[in-house]
Peer 1: 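So that we are looking at the same thing, I have put the structure below in structure tokens.
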Amino acid sequence: MTSAMLTDLLKSLGLLGGALMVGVFLRSKLGFLQKTFIPASVIGGFLLLLLGPQVFNVTGKLGVPTEWYSYYSMIPGILIVPVVAGVPLGLRLNRKGGEGMDSGFIKNVFPLFFIGLGVSMTQFAVGYLVHLLFQGSYNFYNQFGIELAIGFVGGHGTAGTLGNTLKELNLPYWETAQGVATTTATFGIVGGILIGIALINWAARSGRTALLNKPADIPAVFLRGYERDVTKQHSMGRETTQSSSVDALAFHTALIFLACGLAYLCIKGAKAANIPVLKSISVWAYGMVCMFVIWGIICRLKIDYLVDGAVKSHITGSFTEFAVTGAVASLPIKAVATYILPIVVMCFIGYIVTTLWLVWLSKKLLKGYWFEQMIGTLGMATGVFITGVMLLRICDPDLKSPALTTYSLSYTATSIVYFALLNLFITLPETSGVLMTVIVACGISLACLVAAIISGRLCFGKVENP
């Protein structure tokens, strides 16, 4: 790569950053964007898509090279590596509940984890079932259908994971699959929020919420996307190192990049040695394993005080924002439009199955604040972590319930297992066929259902919730 190429990449990122800023502005000013909670990265990326060569080609008339959109299509697959690799860094599962929390309440984490993991496996099954349903009418690529779970549970950023893996497998349709996953992620976050708000209204009026007697207004901060009052703005995390030595953000980023570098060395070694299975694992999966090792060493040396999970989350969150903006900006419109009917059917069934699974099992197995825990998990299962927090804040505005603790812990565990299994559901259709993939997804989903029931009964016995 030459200096000119790096300069061109930096220029293209300037346009991407500008689009993201416009997205932030539009989200803060336009009511319909606020009410649908579409992220600024999606808004900015969609604007670039409309102005790009696939639609109005305004950018081309202004002298923007078409190659920049090729960069944007590749950015998600590259940035998802540090995003996934960063997951284990700062992981602490021994977090205690807040003051006054019933010591038994934290046990909800066990059934809630299996409920959340089970719904993600069910989404894999539903997506591939839709593939089988429509395969006589469409010329699907093997992995069509995985985008439901990628978009719903994984979110926009995880669309890059799919694109990255398929590209590593030298499959030509990686960009189309990435675009379909970006589309389902948009359906997921919008539909999930609307369903969540409807459920909160129903629960508040029927006495199923523990703290809310009537539907609460969504805080203005969540709507516009920022806090005007400086005194109410939250800290981004601890400054774990002194800038006289190294900036804290640079230190955390270096750890993430180290895991990424080791991951590429691992996959290079596995391919050079032609080791079965290991040579086919995606680089982001190796990144997560390498980070587990790095974090384990840090903890063993008792220098874990140098790592702050909040700082790490903001770094990987920044990568995700640019990955999402790039993915939406380079969305292959014609290819995605070809599959629009099965995409809509897939998302519609996904809404129904996800909602019924979470409401039914949460009510039957969770003890105390079952609805609050369920609504947070619904946000996660159709969007991202912060979507669940937002829905939880609507029915618990002051976060007086301990539901956020169990939701956060179960989300962390679910994310790790989800990414560990993701590579399986990407490669299995290629090696064993779509039907076998459906069978495996249903089998794991059934195992999660059984585990959720057993863990719930062991922790609480038979639960009676309103």
Side-chain angles (χ1 to χ4, degrees), residues 80 84 113-135 140-166 169 171 173-174 177-178 180-185 187-189 191-192 281-282 284-285 339 342-358 361 377-378 380-384 411 413-452:
I80 199 62
V84 177
F113 159 69
F114 287 113
I115 291 171
L117 181 62
V119 79
S120 66
M121 296 300 106
T122 304
Q123 289 174 358
F124 281 120
V126 168
Y128 281 119
L129 278 171
V130 170
H131 180 128
L132 294 176
L133 179 65
F134 283 93
Q135 67 179 357
F140 288 135
Y141 47 90
N142 288 334
Q143 285 80 7
F144 182 86
I146 195 176
E147 295 91 351
L148 179 64
I150 292 280
F152 273 36
V153 172
H156 287 90
T158 314
T161 305
L162 179 61
N164 175 279
T165 305
L166 296 181
L169 295 172
L171 298 174
Y173 48 79
W174 68 268
Q178 180 174 285
V180 174
T182 302
T183 305
T184 59
F187 274 110
I189 197 170
I281 295 176
S282 297
W284 51 264
Y339 303 121
I343 289 173
V344 171
V345 171
M346 182 166 60
C347 291
F348 182 73
I349 298 175
Y351 291 145
I352 295 173
V353 171
T354 299
T355 304
L356 292 178
W357 177 284
L358 292 176
L361 288 180
T377 307
L378 175 69
M380 177 274 294
T382 55
V384 290
Y411 167 80
T414 300
S415 297
I416 293 171
V417 179
Y418 170 85
F419 279 112
L421 292 173
L422 184 56
N423 196 74
L424 170 68
F425 287 106
I426 294 176
T427 57
L428 195 59
E430 199 73 25
T431 58
S432 303
V434 176
L435 180 59
M436 178 56 67
T437 307
V438 172
I439 294 172
V440 171
C442 289
I444 299 176
S445 180
L446 181 60
C448 289
L449 174 61
V450 173

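No experiment lies behind these values; they were computed from the predicted model shown. We use all heavy atoms of the structure for the numbers below, so side chains are in, but hydrogens, waters and symmetry mates are not.
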Peer 1: To the nearest 0.5 Å, what is the distance between CG (Leu162) and CD1 (Ile80)?
Peer 2: 10.5 Å

Peer 1: Flag the pair Leu171 / Asn142 as yes when at least one side-chain heavy-atom distance between them is below 4.5 Å, and no otherwise.
Peer 2: no

Peer 1: Would you check if the side chain of Gln123 reaches a backbone N or O of Ala381 as a donor-acceptor pair within less than 3.5 Å?
Peer 2: yes

Peer 1: Which of parallel (below 30°), tilted (30 to 60°) and perpendicular (above 60°) describes Phe144 and His131?
Peer 2: tilted

Peer 1: Does Ser445 reach the side chain of Trp357, with side-chain heavy atoms less than 4.5 Å apart?
Peer 2: yes

Peer 1: Once the angle between the rings of Trp284 and Phe419 is folded into 0 to 90°, is it parallel (under 30°), tilted (30 to 60°) or perpendicular (over 60°)?
Peer 2: perpendicular

Peer 1: I'd like to know whether the aromatic ring centres of Phe134 and Phe140 sit less than 6.0 Å apart in this structure.
Peer 2: no

Peer 1: Determine the sole option in Leu356, Leu361, Thr354 for which the side-chain contact (heavy atoms from CB on, under 4.5 Å) test with Leu358 is passed.
Peer 2: Thr354

Peer 1: Any chance you could lay out the side chain to side chain contact (heavy atoms under 4.5 Å, CB included) test for Phe124 and Cys442, step after step, and finish with the verdict?
Peer 2: CA-CA 8 Å; Phe124 281 120; Cys442 289; over 6 Å; no

Peer 1: Please identify each residue that fulfils ring pair (Phe, Tyr, Trp, His ring centres under 6.0 Å) with Tyr411, with sequence neighbours left out.
Peer 2: Phe385

Peer 1: Could you pull out the closest heavy-atom pair between Gly155 and Ala185, with the gap in Å?
Peer 2: C-CB, 3.8 Å

Peer 1: Calculate, to the nearest 0.5 Å, the distance between atoms CG and CE belonging to Leu133 and Met346 respectively.
Peer 2: 11.5 Å

Peer 1: With side chains defined as the heavy atoms from C-beta onward, is the minimum distance between Leu446 and Leu449 less than 4.5 Å?
Peer 2: yes

Peer 1: Which heavy-atom pair separates Val130 from Pro342 by the least distance, and what is that distance?
Peer 2: CG1-O, 3.7 Å

Peer 1: Ignoring hydrogens and geometry, is there a side-chain-to-backbone donor-acceptor pair from Thr184 to Glu147 under 3.5 Å?
Peer 2: yes

Peer 1: Is a donor from one side chain sitting under 3.5 angstrom from an acceptor on the other, for Tyr128 and Gln143?
Peer 2: no

Peer 1: For Cys448 and Phe113: C-alpha separation, side-chain torsions, deciding distance, then whether side chain to side chain contact (heavy atoms under 4.5 Å, CB included) applies.
Peer 2: CA-CA 9 Å; Cys448 289; Phe113 159 69; over 6 Å; no

Peer 1: Using modelled atom types and a 3.5 Å cut-off, is there a donor and acceptor pairing between side-chain atoms of Trp174 and backbone atoms of Asn164?
Peer 2: no

Peer 1: Look only at the side chain of Tyr418 and the backbone of Met121, and say whether a donor-acceptor pair between them is shorter than 3.5 Å.
Peer 2: no

Peer 1: Over all heavy atoms of both residues, which pair between Leu148 and Gly350 is shortest? Give the atoms and the distance, please.
Peer 2: CD2-CA, 4.1 Å

Peer 1: What are the two closest non-hydrogen atoms of Ala441 and Phe425, and how far apart are they?
Peer 2: CB-CE2, 3.6 Å

Peer 1: Quick check for you: to the nearest 0.5 Å, what is the distance between Leu421 atom CG and Ile416 atom CD1?
Peer 2: 12.0 Å

Peer 1: Judged by atom type as modelled, is there a donor-acceptor pair below 3.5 Å linking the side chain of Thr165 to the main-chain atoms of Thr161?
Peer 2: yes

Peer 1: List the steps, then state whether side chain to side chain contact (heavy atoms under 4.5 Å, CB included) holds for Val417 with Phe114.
Peer 2: CA-CA 10 Å; Val417 179; Phe114 287 113; over 6 Å; no

Peer 1: Is any side-chain heavy atom of Val84 less than 4.5 Å from a side-chain heavy atom of Thr158?
Peer 2: no

Peer 1: Using 0.5 Å steps for rounding, measure from the CG atom of Leu129 to the OG1 atom of Thr437.
Peer 2: 10.5 Å

Peer 1: Keeping the roles fixed (side chain from Ser120, backbone from Leu117), state whether a donor-acceptor pair exists under 3.5 Å.
Peer 2: yes

Peer 1: Should Ile343 and Phe187 be marked as a side chain to side chain contact (heavy atoms under 4.5 Å, CB included) after you check the CA-CA gap, both sets of side-chain angles, and the distance that decides it?
Peer 2: CA-CA 9 Å; Ile343 289 173; Phe187 274 110; 4.1 Å; yes

Peer 1: If you define the side chain from C-beta out and look only at heavy atoms, does anything of Leu422 sit under 4.5 Å from Ile150?
Peer 2: yes

